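Below is one structure, written out as structure tokens, with a few remarks after it.
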Amino acid sequence: MNCYRHNETVAVGICKNCFKAMCADCCEDVGNGLACKETCVKEVIEWNEMTERGKRIYGIRGKSLLPSANVTIFGLFALGLWGFGIYVYQKRGYIDYPDYLLFGMGVIFAIAALITYWRNKKIGITC
Ligand SMILES: [Zn+2]
Ligand SMILES: [Zn+2]
């Protein structure tokens, strides 16, 4: 692929704004991409700023790991409670009142995990 302005020069990258191929003389590095030196630099910088602002608004930056960790924690709590309940039941041979409480709490944690998972998924789609 060659530069769209200099037909003989090999292109080094593609402009983030107009997606044209450009050579080293025509492009400018705007931090996280390349832009046409005269025509697109301003637009790409503005576009980058908008994306950054958007990320901050939706809390994508830095926070993305937290919700998925919550799903894992809630899920593990649920499994742990159910596992403990089953263990106690097998040891004793019958289900006692506190076991229902354990299973109930397990269900609550499982629901919390599902809600968190569903919410993450929803955020992932809208952004
Ligand atoms: Zn351009
Ligand atoms: Zn060029």
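Given the structure is predicted, the values throughout are model-derived calculations rather than measurements. Throughout, numbering of the chain's residues begins at 1 and tracks the sequence. First listed ligand is number 1; within each ligand, the first listed atom is number 1.
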*Vertex the Zn ion (ligand 1), rays to SG in Cys15 and SG in Cys36 - rounded to 10°*: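 An angle of 110° at the metal.
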*Would you confirm whether Asn2, through its side chain, and Asn7, through its main-chain N or O, come within 3.5 Å as a donor-acceptor pair?*
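Side chain of Asn2 to backbone of Asn7: a pair is present.
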*Determine yes or no for a side-chain-to-main-chain donor-acceptor pair under 3.5 angstrom, with Trp82 supplying the side chain and Phe103 the backbone.*
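Indeed, once roles are kept as given, a pair shorter than 3.5 Å links the two residues.
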_Quick check for you: with the Zn ion (ligand 2) as the vertex, what angle do SG of Cys23 and SG of Cys3 span, to 10°?_
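My answer is 120°, to the nearest 10°.
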*Check all N, O or S atoms of His6 and name the one closest to the Zn ion (ligand 2).*
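That would be atom ND1.
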*Write out all pairs satisfying salt bridge (charged side-chain N to carboxylate O under 4.0 Å, His left out) with one or both partners inside residues 1-11, taking only residues at least two apart or from two chains.*
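Salt bridge (charged side-chain N to carboxylate O under 4.0 Å, His left out) check on residues 1-11 returns Arg5-Glu38.
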*Is Cys27 close enough to the Zn ion (ligand 2) to have an N, O or S atom under 2.8 Å?*
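No, outside the cut-off.
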_Would a single hydrophobic cluster contain both Phe109 and Val88, if residues Ile, Leu, Val, Met, Phe, Trp and Tyr are joined by side-chain heavy-atom contacts under 4.5 Å?_
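Shared cluster, yes.
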